[in-house]
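The structure under discussion appears below in the form of structure tokens.
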Amino acid sequence: MRPQIKIILANFFFEYETPRQVLVRNKKVAVACRIIQMGVLAYIIGWVFMYEKGYHAIDTAIGSVFTKMKGLSFTNISGKVRIWDAADFVFPEQGASSFVVMTNFIATVGQKQDKCPELQDGKNTCKTDADCDEGKYKRHMTGRCISNTSTCEIYSWCPVEDDRQIPDPPILLTSENYTLFIKNSITFRQFNVVRSNLVESVNQSYINTCLYHPKTDPLCPIFRLGDIIKFSGFDFSEIARVGGAIGLLIDWDCNLDLNIKYCIPKYEFYGLYGTGKNDKQEKPSLGYNFRYAKYYVENEVEKRTLMKVFGVRIDIIVNGRAGKFDIIPTLTAIGSGVGIFGVATVVCDLLLLYFVPKRDFYKNMKFKHTENPEEKPSLPQSESEKDLPTE
Amino acid sequence: MRPQIKIILANFFFEYETPRQVLVRNKKVAVACRIIQMGVLAYIIGWVFMYEKGYHAIDTAIGSVFTKMKGLSFTNISGKVRIWDAADFVFPEQGASSFVVMTNFIATVGQKQDKCPELQDGKNTCKTDADCDEGKYKRHMTGRCISNTSTCEIYSWCPVEDDRQIPDPPILLTSENYTLFIKNSITFRQFNVVRSNLVESVNQSYINTCLYHPKTDPLCPIFRLGDIIKFSGFDFSEIARVGGAIGLLIDWDCNLDLNIKYCIPKYEFYGLYGTGKNDKQEKPSLGYNFRYAKYYVENEVEKRTLMKVFGVRIDIIVNGRAGKFDIIPTLTAIGSGVGIFGVATVVCDLLLLYFVPKRDFYKNMKFKHTENPEEKPSLPQSESEKDLPTE
Amino acid sequence: MRPQIKIILANFFFEYETPRQVLVRNKKVAVACRIIQMGVLAYIIGWVFMYEKGYHAIDTAIGSVFTKMKGLSFTNISGKVRIWDAADFVFPEQGASSFVVMTNFIATVGQKQDKCPELQDGKNTCKTDADCDEGKYKRHMTGRCISNTSTCEIYSWCPVEDDRQIPDPPILLTSENYTLFIKNSITFRQFNVVRSNLVESVNQSYINTCLYHPKTDPLCPIFRLGDIIKFSGFDFSEIARVGGAIGLLIDWDCNLDLNIKYCIPKYEFYGLYGTGKNDKQEKPSLGYNFRYAKYYVENEVEKRTLMKVFGVRIDIIVNGRAGKFDIIPTLTAIGSGVGIFGVATVVCDLLLLYFVPKRDFYKNMKFKHTENPEEKPSLPQSESEKDLPTE
């Protein structure tokens with residue numbers, strides 16, 4: 001056996017198989033075939049490799065965001081002057097990536113736990129106590145009808161908030177000039193790259209003076225609130241009155257084959273929470289509010305100031321994607337490309353074997369028939385061979 | 001040289017190579033081979049293309065979420081009637097995608113910075129001041145042992161919170177009827193599609209009256225807290241007492257080849273933070289609480305009301321995925337499929353060349369041997385050819 | 001027609017085509033070719049399959065995080081003893097995945113809406129009222145110059161915060177010993193697997209006593225704040241004074257072909273928000289602060305305590321990735337590998353046909369020429385065949 005294995009091994013290493021081919025000299029088919037092959041080649045090289053960077057391994061970023069609003073508003077409500085600073089108008093306060101800037105509000109000062117009549121909304125009129133069943137759905141009623149207001153008395157934080165009228169113009173109109181400073185840090189784990197939106201060209205002196213502008217200052221991390229609202233398609237005076245939500249997208253699309261300094265963020269703005277429309281692009285919808293209470297104790301009674309806050313909610317969303325040359329996607333793309341080349345050959349053969357006048361001639365060139373020797377045992381092997389037309 | 005290049009170019013364009021093939025007429029092998037090839041074809045067409053939509057380019061969504069809880073609770077603790085509204089029981093207040101709804105609490109009213117005895121927990125008894133070393137680990141002791149309680153005196157917010165007993169039944173039992181309204185906006189950047197969970201069929205009048213139900217109202221964005229708890233596998237009275245965490249998944253799986261109106265969300269619910277079990281599905285674990293202080297000043301002394309809040313934490317998680325026809329994944333899938341076809345041919349050849357009785361006959365049909373001309377220089381080329389059995 | 005279709009079908013099922021090949025017995029080319037082919041095979045099996053697990057379908061996790069800080073700080077500021085507990089030093093309070101631990105602060109107690117002189121910062125000196133134009137940019141001035149301080153009077157929360165000096169050493173130095181407990185739940189939707197960081201080996205008794213250490217306790221979900229700061233490359237006393245941001249990455253890389261118990265998290269720490277440097281790894285930058293107000297009412301006047309909080313912001317980021325055997329990526333990898341094999345054959349053929357001395361001999365073996373029969377109509381088919389050198 002040993003020598004036989006040796007021969008097999010020798011055959012394996014000293015011999016290699018390569019397909020036998022017919023060189024078909026048929027102008028029409030050959031030209032068609034070359035055009036198809038070149039199309040495939042152009043697609044693989046031009047599109048897969050150059051345009052889509054098929055040789056890139058892709059990683060998505062994990063990021064974190066810190067924000068800081070700055071600004072001051074001055075209000076003069078019926079002679080009462082008041083200053084609002086960031087601690088007053090940003091929720092939450094600690095610099096999260098999603099936050100609300102108050103632009104308008106309805107304050108109900110000095111609420112305490114008590115009984116008081118419901119607000120008249122046109123539908124809840126009562127005439128006698130019988131109209132005020134205790135424990136009616138949602139509102140907790142005492143069972144008394146207050147003749148003054150013609151509404152039922154309820155257990156509640158009293159006085160009841162009156163939000164039937166939204167202040168117009170919005171109280172904090174000067175919020176347009178607030179500025180937002182964003183720090184964003186991203187990590188491409190696979191490539192071991194950490195990157196911040198304070199890139200090389202954004203140094204301390206630039207930060208001190210710059211203001212984001214898509215054309216002139218696209219890398220400045222300081223944004224004017226009025227600009228953010230404008231860029232996202234809202235009208236400031238409208239959104240400031242009733243509130244609204246804005247997505248601020250920090251988009252990183254990095255080619256790490258290049259110098260890291262070309263890996264820079266792009267800021268985009270769009271309105272959120274549109275309602276369904278028939279067109280693909282939904283229209284952003286107005287309206288964002290929430291209630292918030294400041295609790296305190298006065299004369300041993302717990303009280304609260306209820307704020308119905310209308311404001312601009314800003315969601316900062318980080319979308320990071322980095323590509324870098326890697327051997328696996330490269331070879332996968334090549335292998336897949338070779339497969340598509342195979343399809344090209346199949347198409348050429350179909351042309352040759354079915355659509356060319358002398359197709360039988362080419363069939364004979366390309367194919368050799370073997371009649372099953374088991375089915376024609378009487379014929380010697382050499383005979384069956386002779387049956388084949390062109391060999 | 002010029003004419004030669006011309007010939008080479010002419011050969012290249014007017015001639016194309018196609019592999020020569022043997023048509024093997026062997027029933028068993030041919031049938032096996034056709035079955036394998038058809039299996040591959042069925043796999044490529046049926047599974048890769050139709051089921052897995054291999055012709056789709058895939059994008060994942062970036063989304064943002066706004067939430068609003070509504071509801072009222074009425075408590076009557078030792079004759080003191082109190083109303084709780086959303087500003088009192090939602091943390092944080094501004095409509096974040098992750099928030100806690102208070103269902104139970106231990107309030108310690110009027111804490112101030114002072115010295116007071118530790119709470120008796122069975123292990124911290126002291127008899128003399130010597131048992132109360134000042135500055136012992138974690139608790140800051142004054143060094144005195146209070147005979148009343150037999151515990152050491154500590155510097156602390158006094159009185160000390162007593163959380164040894166969790167109120168049972170939970171104080172805000174009516175929280176079961178709170179409702180949660182969710183607005184979710186997603187963006188598929190690659191396809192330039194923005195979409196909201198308020199889809200076409202969810203109009204204003206529907207929102208005013210609907211309540212989410214997985215069968216009858218799967219698109220209604222208003223959820224009853226009790227339902228959310230039930231769907232995620234918790235028991236309301238248990239979770240309301242000690243708290244718990246729930247994941248509310250908004251799942252978008254969109255085929256953008258179809259009309260955008262078929263791109264609708266699916267809501268799913270599951271319990272979070274289970275401890276390791278041996279089965280793959282972890283059981284959700286109960287227990288969620290945090291402490292929170294409301295500060296105020298009384299008679300020029302800073303005080304606080306410490307709330308140990310037990311509640312339902314709801315994490316809204318958006319998982320979006322959209323597919324759309326794209327030429328690159330299509331061709332990649334085809335190319336890869338052609339490659340697998342090649343594997344099928346290799347398998348057929350193995351059958352033919354190694355497992356068929358007349359395998360030598362087929363080997364001769366398929367292969368042509370070339371003896372290395374360099375090694376047998378004495379033989380003319382035609383001679384080396386003659387050595388081959390069947391040509 | 002029927003019988004003919006029968007024949008075609010019979011041919012299709014009982015006959016299969018396999019390429020004819022030349023076995024080239026040329027040591028140099030064969031060895032080169034075998035080496036290339038083995039390299040491709042080793043790459044496909046070793047790298048794509050074994051190292052990169054090309055047979056895996058991949059899913060990324062969706063996760064949610066709950067945190068709980070514990071600890072007590074004791075301060076003695078000019079004789080005033082004060083205790084700080086978690087409710088005092090964690091923002092926000094409800095256990096979010098991104099939060100700030102206060103380590104230092106500047107408190108401005110008892111601010112109320114009033115007029116008061118600006119803080120002297122060296123640049124805003126005034127001599128007469130004329131220097132204080134009302135409504136000057138950003139600050140809202142009353143128009144008076146206060147001779148005492150030589151600064152303009154402004155409308156503001158008074159007294160004005162004086163943050164020119166950051167307390168050094170930081171006030172809450174003992175924050176180093178705070179502990180952070182993390183619960184993390186992840187879901188691999190595609191594989192229907194839910195998993196928590198409290199894995200099998202982390203039972204209740206272990207949690208009660210353990211403390212995270214990368215070598216000895218890599219799975220303990222309880223972290224000392226001082227350790228987190230150290231692991232992320234910061235110096236505690238520096239970061240405690242001016243604040244800083246830290247990313248705590250929970251990294252899951254699971255092979256779900258194995259038992260689920262091997263799917264365990266890995267905790268990593270790094271500093272955030274570095275400014276652009278020329279090296280790839282950015283240096284983390286110090287400095288994190290925000291302002292926060294505690295409102296109260298005293299003698300019917302709304303007041304607030306403004307806190308400028310310096311602290312450690314911790315962003316907990318979950319990065320989950322699970323792989324599981326799946327037929328589609330397996331076959332795609334195989335198909336693509338076969339494609340690359342085809343490239344190997346092309347390279348071997350180039351060697352054979354262009355770089356071997358007896359290349360013409362091999363060319364004749366491999367290729368059969370067909371002169372276009374349309375162009376030489378006078379020659380019978382057998383004649384055109386005879387033109388071919390070696391058949």
Side-chain angles (χ1 to χ4, degrees), chain A residues 12-27 62 64 66 68 72 74 81-83 85-88 92-96 183 185 187 189 193-196 198-200 202 260 294 296 298 303 305 328 331-332 334-339 342 358 361-362 365 367-368 390-391, chain C residues 17 19-25 27 29-31 33-34 48 52 91-92 98 100 113 138 140 155-157 245 247 272-276 280-282 290-293 295-297 306 313 315 317 319 335-337 339-340 342-343 345 348-349 352 366-374 381 385:
Chain A
F12 180 74
F13 276 106
F14 298 152
E15 215 174 63
Y16 93 100
E17 62 281 348
T18 179
R20 295 176 69 182
Q21 299 192 299
V22 199
L23 288 173
V24 176
R25 186 165 273 282
N26 177 304
K27 263 191 197 175
I62 47 185
S64 87
F66 163 61
K68 193 163 199 168
L72 269 184
F74 176 91
V81 160
R82 202 188 149 109
I83 284 288
D85 63 16
D88 297 324
E93 67 275 332
Q94 81 273 0
K183 271 191 186 176
S185 191
T187 309
R189 298 260 309 141
V193 168
V194 178
R195 187 86 178 141
S196 146
L198 308 179
V199 295
E200 286 75 8
V202 180
I260 188 76
K294 296 188 272 190
Y296 57 95
E298 203 173 37
K303 294 192 173 178
T305 296
I328 291 202
L331 289 179
T332 303
I334 289 175
S336 177
V338 170
K358 301 260 167 177
F361 168 74
Y362 292 116
M365 297 292 283
F367 294 110
K368 177 164 89 174
T390 52
E391 289 267 343
Chain C
E17 62 281 348
R20 294 176 69 184
Q21 299 193 299
V22 198
L23 288 172
V24 177
R25 186 165 271 282
K27 264 191 197 174
V29 174
V31 167
C33 191
R34 292 303 181 200
V48 176
E52 295 277 344
F91 305 88
S98 170
V100 180
Q113 293 285 342
K138 278 189 179 172
H140 294 270
Y155 292 103
S156 180
W157 286 97
L272 293 176
Y273 310 135
T275 41
K280 281 200 179 180
Q281 291 297 330
E282 313 221 333
F290 64 92
R291 284 187 185 79
Y292 148 73
Y295 297 88
Y296 57 95
V297 173
L306 181 67
R313 167 157 162 182
D315 272 15
I317 300 160
N319 188 35
S336 176
I340 300 172
V343 177
T345 300
C348 299
D349 284 358
L352 185 75
K366 186 173 164 71
F367 296 110
K368 177 163 91 173
H369 280 273
T370 121
E371 292 307 313
N372 188 336
E374 294 163 35
Q381 274 195 28
E385 276 282 275

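Below, read A as the first sequence line, B as the second, and so on, with proteins coming before strands; counting in each chain starts at 1.
Ranked by heavy-atom pairs shorter than 4.5 Å toward chain C, the options Lys68(A), Arg82(A), Lys303(A) are led by Arg82(A). For chain A, the option among Val100(C), Val31(C), Thr345(C), Val297(C) with the highest count of heavy-atom pairs below 4.5 Å is Val297(C). Per-residue counts of heavy-atom pairs under 4.5 Å with chain C were compared for Asp88(A), Ile62(A), Val81(A); the largest is that of Asp88(A).
Within the 4.5 angstrom heavy-atom criterion, atoms from both the backbone and the side chain of Gln94(A) approach chain C. When heavy atoms are compared at a cutoff of 4.5 Å, Thr305(A) does not approach chain C at all. Heavy atoms of Cys33(C) lying under 4.5 Å from chain A belong exclusively to its side chain. Heavy atoms of Pro92(A) lying under 4.5 Å from chain C are absent altogether.
Contact between Ala87(A) and Tyr295(C) at its shortest, heavy atoms only, is O-OH, 3.4 Å. Taking every heavy atom of both residues into account, Ile328(A) and Glu52(C) meet most closely at CD1-CG, 3.2 Å. The two atoms that bring Ile83(A) and Tyr155(C) nearest to each other are CG1-O, 3.2 Å, heavy atoms only. The heavy-atom pair separating Tyr296(A) from Tyr296(C) by the smallest distance is CB-CA, 4.0 Å.
Within the 4.5 Å cutoff, the side chain of Phe66(A) has no heavy atoms near those of the Leu272(C) side chain. Between Asp85(A) and Ser156(C), every side-chain heavy-atom pair lies at or beyond the 4.5 Å cut-off.
Using modelled atom types, no side-chain atom of Gln21(A) and backbone atom of Lys366(C) make a donor-acceptor pair closer than 3.5 Å. In this structure a side-chain-to-backbone donor-acceptor pair under 3.5 Å is missing from Arg189(A) to Asn319(C).
Residues satisfying the ring pair (Phe, Tyr, Trp, His ring centres under 6.0 Å) test with Phe14(A), not counting sequence neighbours, are none.
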